[in-house]
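Each remark here refers to the structure printed beneath this line.
Proteins get letters first, then strands, A, B, ... in listed order; numbering begins at 1 in each.
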There are 2 protein chains.
Amino acid sequence: MATIEDVAKFAGLSRTTVSRVINDQPYVSEDKRVRVEDAMKALGYVPNSSARRLRSQKTETIAVLLPRITNPFFNHLIESMEMKASEWGYQVIICQTHNLPDKERDYLELLRKKQVDGIIMTSLENEWEVVEEYLQSGPIVLCNENVSTAPVPVVHIDQEKAAYEATIHLIENGASEIAFLQGGHDSYVFRDREKGFLKALNERGISPIETELFSSAVDVKSGRELFHQIQAHYPSINGVFAGSDEMAAGFIYEAVKAGVKVPEDILVIGFDNQAISMLMNPSITTIEQPFQKMAGRCVELLVQQVEQGYNLKHEEHVFPHRLQSRVSTSRQTNLVPL
Amino acid sequence: MATIEDVAKFAGLSRTTVSRVINDQPYVSEDKRVRVEDAMKALGYVPNSSARRLRSQKTETIAVLLPRITNPFFNHLIESMEMKASEWGYQVIICQTHNLPDKERDYLELLRKKQVDGIIMTSLENEWEVVEEYLQSGPIVLCNENVSTAPVPVVHIDQEKAAYEATIHLIENGASEIAFLQGGHDSYVFRDREKGFLKALNERGISPIETELFSSAVDVKSGRELFHQIQAHYPSINGVFAGSDEMAAGFIYEAVKAGVKVPEDILVIGFDNQAISMLMNPSITTIEQPFQKMAGRCVELLVQQVEQGYNLKHEEHVFPHRLQSRVSTSRQTNLVPL
DNA sequence: TTGTAGGCGTTATCAA
DNA sequence: TTGATAACGCCTACAA
């Protein structure tokens with residue numbers, strides 16, 4: 001591969017001049033500029049990114065940490081993040097933690113090794129204190145998980161309020177005994193949503209049921225399993241708050257199979273307004289999050305910190321959510337005809 | 001940030017010795033090794049990845065090109081690719097082309113800039129000749145798209161055979177007039193599947209209908225739109241071959257809404273055996289691809305070429321597919337009870 | 001077993 | 001307007 005040196009020789013000029021042309025710098029006469037450009041073309045020269053990185057101490061790469069990319073919530077986020085990063089000339093490294101703290105730390109190490117300029121975390125597997133160490137090596141932005149003590153920008157919806165509204169919606173449509181199905185026992189999202197859930201129950205004089213049983217729920221599979229557990233252990237439950245549309249879909253799938261009617265026998269609400277929530281029959285009421293805007297903001301905040309420096313302060317960026325009402329919580333009989 | 005020089009000074013040794021310790025090389029006495037390790041710990045030293053890259057001419061990073069990450073087909077592939085790459089100590093850069101040839105070329109440039117060691121392409125937006133140029137800069141593996149003239153490893157199922165079997169399945173379950181809904185008019189996947197589709201029709205004495213209309217189909221949205229177009233222009237169609245489960249789901253969603261019965265009035269088959277195909281009501285018959293194995297193989301092939309060199313030869317890795325029969329093509333009345 | 005020194009390909013500083 | 005030279009941080013002949 002041709003180097004800047006080769007180009008310089010070929011053009012009969014110095015590396016410096018070639019470098020100036022490459023970087024569109026002033027103080028290059030027109031004829032030299034042309035000679036350099038011809039030489040570059042002739043040799044098929046492309047600047048070596050490793051050398052640039054070493055010299056500039058920048059990688060123009062960011063890492064996005066998430067549990068797994070097949071989860072629609074996360075792949076929608078990262079889709080927009082990659083697009084926005086690309087606009088800014090940054091690459092995105094995809095880092096699946098599979099909810100393992102060790103894996104998360106491995107990926108955080110990318111920051112210390114200077115393999116990336118910054119990191120966006122869309123989930124949190126270690127205690128915040130562990131993560132905080134890495135701020136010495138570069139900026140971090142939190143997406144979704146709102147750690148109120150973290151001296152970094154956090155981008156999220158008001159999870160507590162959303163869960164509160166979802167629960168009130170269930171109650172007002174007739175639910176009197178409600179299960180809270182939400183994965184990530186120790187996540188901040190979990191805690192915030194649980195707060196909102198309990199607040200709604202409390203306000204309406206409904207006593208919460210033991211939810212330990214349901215706290216490992218994340219995907220279609222767990223939604224299916226939980227249907228059967230609820231049938232077996234809590235047959236009187238007539239409302240379900242599911243932390244994701246996939247979980248709600250899995251739950252409803254089994255309910256339909258078992259002849260339990262949604263919403264007649266049991267109301268179900270999901271989260272995220274994914275395609276599946278519209279496609280299911282019955283369609284699923286859900287909470288919509290503005291993925292694209294949130295993802296875009298995360299990247300902007302991170303790139304800004306990378307390029308203009310960062311100071312350690314907590315800074316909340318709260319985005320609006322929206323309840324999308326559909327058949328799964330509608331006691332009026334406006335069902336989609338089969 | 002501490003450099004190898006700092007560590008050397010701190011330990012009262014040379015850079016060389018420190019380097020030897022870092023890289024687990026022989027010829028370091030135990031006491032020096034300990035002194036170096038202590039120094040590294042004391043200074044919080046981490047080797048700088050940019051410097052290593054420049055020195056070693058390796059990045060331990062690969063790029064995966066795909067249209068968009070929210071498409072389940074592609075996010076399932078990349079999920080497994082990232083895991084396998086991680087096992088091998090490689091990072092994965094995610095490159096969404098959004099089906100734009102220019103974007104694809106931009107990402108291929110990563111190879112020329114030496115920003116990645118190799119590339120996996122799961123779709124193809126430029127003519128192969130354009131892509132072939134980049135083989136001068138590093139290895140490429142094709143996943144899914146089988147370009148028979150490409151001197152690279154290609155990993156895929158037998159698309160023609162799969163489409164043939166799907167079509168026969170439709171016919172044997174009663175379809176006599178079939179629409180071929182498949183996106184990517186000029187893709188190799190499209191051509192191969194179309195071949196299988198036409199072969200089946202031909203064998204059973206069914207004449208194909210004009211398919212131009214349906215060739216932009218990829219996602220839920222287009223599935224929905226195509227239902228209405230077919231209702232309007234080809235009301236006698238009673239079988240649908242959809243190139244993805246999402247498309248099939250969108251089609252069925254509108255059919256159900258319009259009171260058209262699947263499978264009684266029209267048979268539908270999807271592709272990929274995604275979660276949605278099981279969850280829909282009626283559930284969708286589909287073709288399963290072994291994503292995980294294919295993705296793993298792609299990464300192995302690429303890493304092998306990166307580390308052991310590559311020669312330009314075409315090499316096919318064909319994986320088995322499987323038809324998963326469900327309600328959407330079943331004329332027997334074993335319907336899931338509503 | 002340890003250390004010296006050169007170079008990977010760029011860019012920035014300084015002098016001409 | 002141009003060019004010589006010194007880093008960036010690491011690894012590896014080669015010498016000791």
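- To the nearest angstrom, P of D:dA7 lies 14 Å from CG of A:Leu54.
- What separates CD of A:Glu60 from C1' of C:dT10 is a distance of 14 Å, to the nearest Å.
- Taking atom CD1 on A:Ile4 and atom P on C:dG7, their separation rounds to 18 Å, with Å as the unit.
- Between A:Arg35 and A:Asp38, none of the side-chain N atoms (NZ, or NE/NH1/NH2) sits under 4.0 Å from a carboxylate O, so this pair counts as no salt bridge.
- Side-chain contact of A:Asn23 with A:Arg52: a donor-acceptor pair under 3.5 Å is present, judged by distance alone.
- For the segment residues 8-30 of chain A, the set of residues with a heavy atom within less than 4.0 Å of an atom of DNA chain C comprises A:Arg15, A:Thr16, A:Ser19, A:Asn23, A:Gln25, in numerical order.
- Judged by distance alone with a 3.5 Å cut-off, a donor-acceptor contact links the side chain of A:Arg55 to the base of D:dA7.
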Could you go through A:Ser19 and A:Thr16, starting from their C-alpha distance and side-chain angles, then the distance that decides it, and tell me whether this counts as side-chain hydrogen bond (donor to acceptor under 3.5 Å, both in side chains)? CA-CA 5 Å; A:Ser19 176; A:Thr16 311; over 6 Å; no
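- Contact check, B:Lys32 against C:dT2: a side-chain N or O comes under 4.0 Å of OP1 or OP2.
- When each of B:Asp31 and B:Gln57 is assigned the nucleotide of DNA chain C with its nearest heavy atom, B:Asp31 is the one assigned upstream, toward the 5' end.
- Around NZ of B:Lys103, the count of heavy atoms belonging to other residues, nucleotides or ligands within 6.0 Å exceeds 12.
- Atom CZ in A:Arg35 sits roughly 13 Å away from atom C1' in D:dG3 (whole-Å rounding).
- OP1 or OP2 of D:dC8 has not a single side-chain nitrogen or oxygen of A:Arg53 nearer than 4.0 Å.
- Residue B:Asp6 contributes atom CG, which lies 13 Å from atom C1' of D:dC10 at whole-angstrom precision.
- When side chains are defined from C-beta on, B:Ile140 counts as touching B:Leu135, because their heavy atoms get closer than 4.5 Å.
- A:Lys114 places its NZ atom 12 Å from the P atom of D:dC10, with the value rounded to the nearest Å.
- Per the geometry, CZ belonging to A:Arg52 stands 14 Å off C1' belonging to C:dA12, to the nearest Å.
- At whole-Å resolution of the value, CZ in A:Arg112 and C1' in D:dG9 are 16 Å apart.
- Counting only heavy atoms from C-beta outward, the side chains of B:Ser137 and B:Arg112 approach each other to under 4.5 Å.
- A:Glu109 and A:Tyr134 share a donor-acceptor pair across their side chains, judged by distance under 3.5 Å alone.
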